[in-house]
Amino acid sequence: MIGSDIPALIPITFLAFAVLIPLLGLWKRHLSYYWAVLGATIATGFSALGFYNYISGSETIRYFFGGWEPPVGIEFVYDGLSGFIVLVINTIALFVLIHSRLIGKREFPGKVTGYYSVAMLLMLGFNGMVLTGDLFNLYVFLEISSLASYALIGIGEKRAPYAAFRYLIIGTVGGSLYLLGVGFLYTVTGTLNIIDMAAMLPEVIGNSAIITALALMVAGIGIKAALFPLHGWLPDSYSYASSTSSALIAPIGTKVAAYVLLRVVLYLFGVDIIDSAIPITDIIGILAGIGILYGSVMAIAQSDLKRMLAYSSVSQIGYIIMGISLANPFGFIGAVLHVLNHALMKACLFLVSGNLRLKEGHTDITKFDDSYRKKYPWTMVAFTTAALSMVGLPPLAGFFSKWYLALGTIENSNWLLLSVILISSLLNAVYFFRILEKVYLRDPESTDEKTGIISSLTTNEVKPSMLWTTSIIAFGILAVGLLNAFIVSAIVTMFPAGL
Amino acid sequence: MVDFVLGHYAYWFTIILLAIGLYGMLIKDNLVKKTIGLSIFQTGVILFFVSIASKWGATVPVKSDEFPVTEVANYMNPLPHTLMLTAIVVGVATLGVAFALLITIYNRYETLNEQELLEKIQ
Amino acid sequence: MELTFVPLYAVLVSLAAVPFILLSSGKPNLREFWTILAGVVKFLLVLTLIPAALEGRTIELTLFEIAPNLPIELRADPFGVYFAIVASGLWIFTSFYSIGYMRGHKEKKQTRYFASFAICLSSTIGIAFSGNLLTFLIFYEMLTIATYPLVIHSENKEAIRAGRKYLAYTLTAGLLLIAAVGITYSLTGTLSFQPGGIFGDVELSNTMAVSLFLLYLGGVGVKAGIMPIHSWLPSAMAAPTPVSALLHAVAVVKSGVFGIIRVVHYVFGPEVMGNFGLNDILMVIAGVTIIVASLLAFAQDNLKRRLAYSTVGHLSYIVLGAAMVTPLGLTGSIMHISAHATMKITLFFCAGAIMVNLHKKNISDLNGIATVMPWTMGAFVIGSMGLAGLPPINGFVSKWFLGAGVLEGDMMLPLIILIISGLLNVGYFFPIIHRAYFKKGGKELEGHTEASPFMVVPIVITATASVIFGLFPDLFFHFFELASGIAETVFNTL
Amino acid sequence: MYWEFELILFFFLLTTAIIALESDDLLVAVVMLTIFSFLNALLFTTMGAVDVGFTEAVVGAGVTGILLVVAIYQTTYKTVD
């Protein structure tokens, strides 16, 4: 039965294509794109099938590699949460890869084969991180995805390699810190399997090694998730990378790291242990709150669209982490829902910026004007949808994750974080309406001085493969908003024990 | 207290190595030096894992007639060792990517000094 | 006839018109046909709900759950129907008037204008028929966004600044409302509107009650123009006049006061309001707003801005009526929704007609215009007299009930406020009439006649309607019967 | 376990690490890092991790050293700090 093998099949698909693409690239290089899309399609199909099985009532799948049961062997755990995240990231990756063909030809013409191979490795790493049930294995996948993302970010404009190098240094430190934390946990429990360890941790509660481990792991994952104040690598990396790389990494990468944080904090440790010695959830919550405000304020100060989106990511990741730190059902729903919503919104926005960069050659906000609306009507509709959703206007998706997060803060009577959510929505409105105002209202500078008539502009929309992917994701934002009751009722079944 | 410090001296050396590595990454301007710092940092973590596996009076986890071991507890824990094999390989892979980026940076900016680099970027 | 789906159709009909409007952007006549058609259909749909509303029946329609236990719920209760009649009825007139105005003014981007207008109306009707706070919130935010293109329509600096101000105010308000709704949900576990409130069994601390109420007030009060958060409204007068007329006399601001009444009587309920002294807070705010806005109206020379301040004042009449927490006060307050709507829309239409026809914006330039625009100015007189509360215009009726409500609640202060503000109303409208009728106009008036019939006919109709509903409040739409019925249901549940 | 030997190795380890970071010539730094890795390998072996020791000797001292030399050959060996 294929159903029970799905946890292994998804990463293996990506691994296979990561190897196949360079091999087939020797034969016909321009086909790499299609192979990558094919790989992502197959993986997305498996994810969808797995999640369908989960929805229709099948149990959590624990897949033991080579039949070795833990603690000896490595296991992959396909439960509701990991299945959901895998489905989200693979779907987004599929759309971004479909979208990437022309950008690839333009921005890294000679490196297409390598690029798609590395992209497959990246997805292998992300899927492995989500699915694995073993802490050390998680580290390995973390490093695979990180190495791939350093390489992908390095392929970009002139400044990209330096940004990638900085990310490499910071990211490796993060991975090492995480590994150190795992070492501490291993000395205490003697196992690396998440489920085994979660069962053992309550017995050794109060051990100072556990607190050290937790702090190290949170710091390490926090770097990967760009939790304030560990976000320094993110703005440069996202804004200098190639459009496709940022569209691929921005919606997925930090989300997966946030997912790992959620696993570690809520599933592995559980709320009771975490707060027994130091109020670490409160600390994370406050950091997330500061990050949300900081990211939004910095986003307002940017004049480049991609850089603005990068800072906006810092802010949005704060929402997810805030949801984790609330450690109550509403916070959990909000966090998981925001993983989906933000992945959709950021993918849409980065794809739009990719469209603009391909057509206009820049993403400088100060140069945006009325002509964009005429030239790229549908791209701008997609942008508007995503922007309004980021601001949190119902019935778009972004509203609902904020709604659950707000309910979560209210449940904890945490008025401070509630006001953070509200204020940041306003700040989001500031930086998105600033652009919308330019795009829809500002008279273009290309106005003919003699006649005063705008030089004739016709629709100059991007190619269908790019337009449709952007539009479908934008439509997805609306659909997720309207249908979020179904998604939430699925998320409710994923609650970790003790919540 | 003295016992604690002496008994865990491998931990302390690990921490010192991590500190040296961090120092290299944060203070040094040269990008190669930063990479060397990174390597030292990772080695510190590996050392930590190896030291948690070792025990006084235990022997290597190899079954051999030359080292007769009656109790399993007298073997060292082999699991961290195997993990570190992976970690070392990961570390080298990281360094490989780092050097690839370094060479690209040098080809574009003709320098590996961070200060000069930042000036040239502006 | 099966009425279950009528509220849904009423909401959707203008939304459905939007694609048609967009598609026929090259053919103005066809485009405007869609607008008018949607308006008429919407109005007829709303009218079919009147008999049920008169019987006190509520038509409920639960669409789908948008969040667990929180469905999108449409509910046409008498109060919702009342508001829907006013909004959809006046939309038809505004559409005709818009055609005259936009073509007379040769405005650009008329397609966007009509499309946004249709979305606005959908949202307004959605607000009227919202069965719970979440549905209300969704339509409320939709209204905010749909109004933005209308406010910035002229795309000059002033309009863009007004648009920013509008967004800043209303988006903040929306967020406060989200917070308030969230807190309500976690306290009560429900968000459905209920006559008499949903806080019945919940123990509230004093701080909690007051801060929750203030959050609500911030949330819906911005659109209702209560002070000190009213200042977006005069700025938004940069919009074309039909927008000011419909949105700033009927749809947007009335959704604000509609929301306040919903919050006061359907969420908190009279009992909770009284227990925590919330009605006093509201009453003081409303009273101050009435007086200050009337005084500020004197200072405006721009006709539309004077009307805007007058709107701010009159909205607070409605708020004041709600704050009295007496049946007659609520009746008067609800009656004033329709009364103020017909009168103020007349006045805005007049201002727009003058602007398109004579290109005059300021009151000091209006000398002698009654000779060239007799119909328009006649309507203006009726509207302003009604706002001042003179019989037999419908403004008198609603003020009468407000006054009766004051006496019923045995309160002195609101009565004094009502009397003073009535005088102030006379004070700031009279100079306009005086100039128009008794001062001699300049030469530039020569050769001008009445504005286009597209504009004059709606003006005359709304002015006549003000008089008719003043004489017979129960004619056609049974405004009085509905209002007193609503008040009864709210206070019966005590 | 020979803890005296271990201790000496540790001190050499620290010394080589510091020299690797402080030397003015990157080639010296590379050589020092290679020695650092080799000492590490010895240390792992004395700690009982024979397999890790072998790997470190091959990968850490060998491959890393070669990679660094190649990288420096491609770029520059001069540095100010």
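Just so we're on the same page: letters track the sequence lines, and every chain starts at 1. None of these values were measured; they are calculated from a predicted model.
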Subject >> Those residues that, when tested against C/Arg161, pass salt bridge (charged side-chain N to carboxylate O under 4.0 Å, His left out) (two or more places apart) >> reply: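 Counting only residues at least two positions away or on another chain, C/Arg161 forms no salt bridge (charged side-chain N to carboxylate O under 4.0 Å, His left out).
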
**OP:** For each of A/Leu422, A/Thr409, A/Leu418, tally heavy-atom pairs with chain C at distances under 4.5 Å, and name the one with the top tally.
**Re:**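 Sorted descending by pairs with chain C, the first entry is A/Leu422.
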
Original post:
Hey, does A/Pro394 have a side-chain heavy atom less than 4.5 Å from the side chain of C/Glu141?
Top reply: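 Yes, side chains in contact.
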
Original post:
Is C/Ile178 close to A/Lys402 at the side-chain level, that is, under 4.5 Å between some pair of heavy atoms?
Top reply: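 No. Closest side-chain heavy atoms not under 4.5 Å.
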
Original post:
Taking all atoms of both residues into account, what is the closest heavy-atom pair of C/Arg112 and A/Tyr440, and its distance?
Top reply: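 Looking at all heavy atoms of both residues, the shortest contact is NH1-O, 4.4 Å.
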
**OP:** Evaluate side chain to side chain contact (heavy atoms under 4.5 Å, CB included) for C/Leu175 paired with A/Ile421, printing each intermediate quantity in order.
**Re:** CA-CA 9 Å; C/Leu175 293 170; A/Ile421 295 178; over 6 Å; no

**OP:** Could you please state which residues from residues 377-390 of chain A sit under 4.5 angstrom from chain C, measuring non-hydrogen atom to non-hydrogen atom, sorted by number, or 'none'?
**Re:**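 Only A/Leu388 of residues 377-390 of chain A have a heavy atom under 4.5 Å from chain C.
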
**OP:** Classify the angle between the aromatic ring planes of C/Tyr148 and A/Phe433 as parallel (below 30°), tilted (30 to 60°) or perpendicular (above 60°).
**Re:**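 The arrangement is perpendicular - the two ring planes meet at more than 60°.
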
Original post:
Checking C/Ile72 against chain A: side chain, backbone, both or neither under 4.5 Å from a heavy atom?
Top reply: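 When you check distances to chain A, no heavy atom of C/Ile72 falls under 4.5 Å.
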
Subject >> Region of C/Leu187 in contact with chain A, defined by heavy-atom distances below 4.5 Å >> reply: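 Contact with chain A: none, neither part.
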
**OP:** Decide side chain to side chain contact (heavy atoms under 4.5 Å, CB included) for C/Tyr185 and A/Ile410; before the verdict, give the C-alpha distance in whole Å, the side-chain angles of both, and the deciding distance to 0.1 Å.
**Re:** CA-CA 10 Å; C/Tyr185 183 65; A/Ile410 292 166; over 6 Å; no

Subject >> OG1-CG distance between C/Thr172 and A/Leu426, expressed to the nearest 0.5 angstrom >> reply: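 Rounded to the nearest 0.5 Å, the OG1-CG separation comes to 4.5 Å.
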
Original post:
So which part of A/Phe399 gets closer than 4.5 Å to some heavy atom of chain C, the side chain, the backbone, both or neither?
Top reply: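 Side chain only.
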
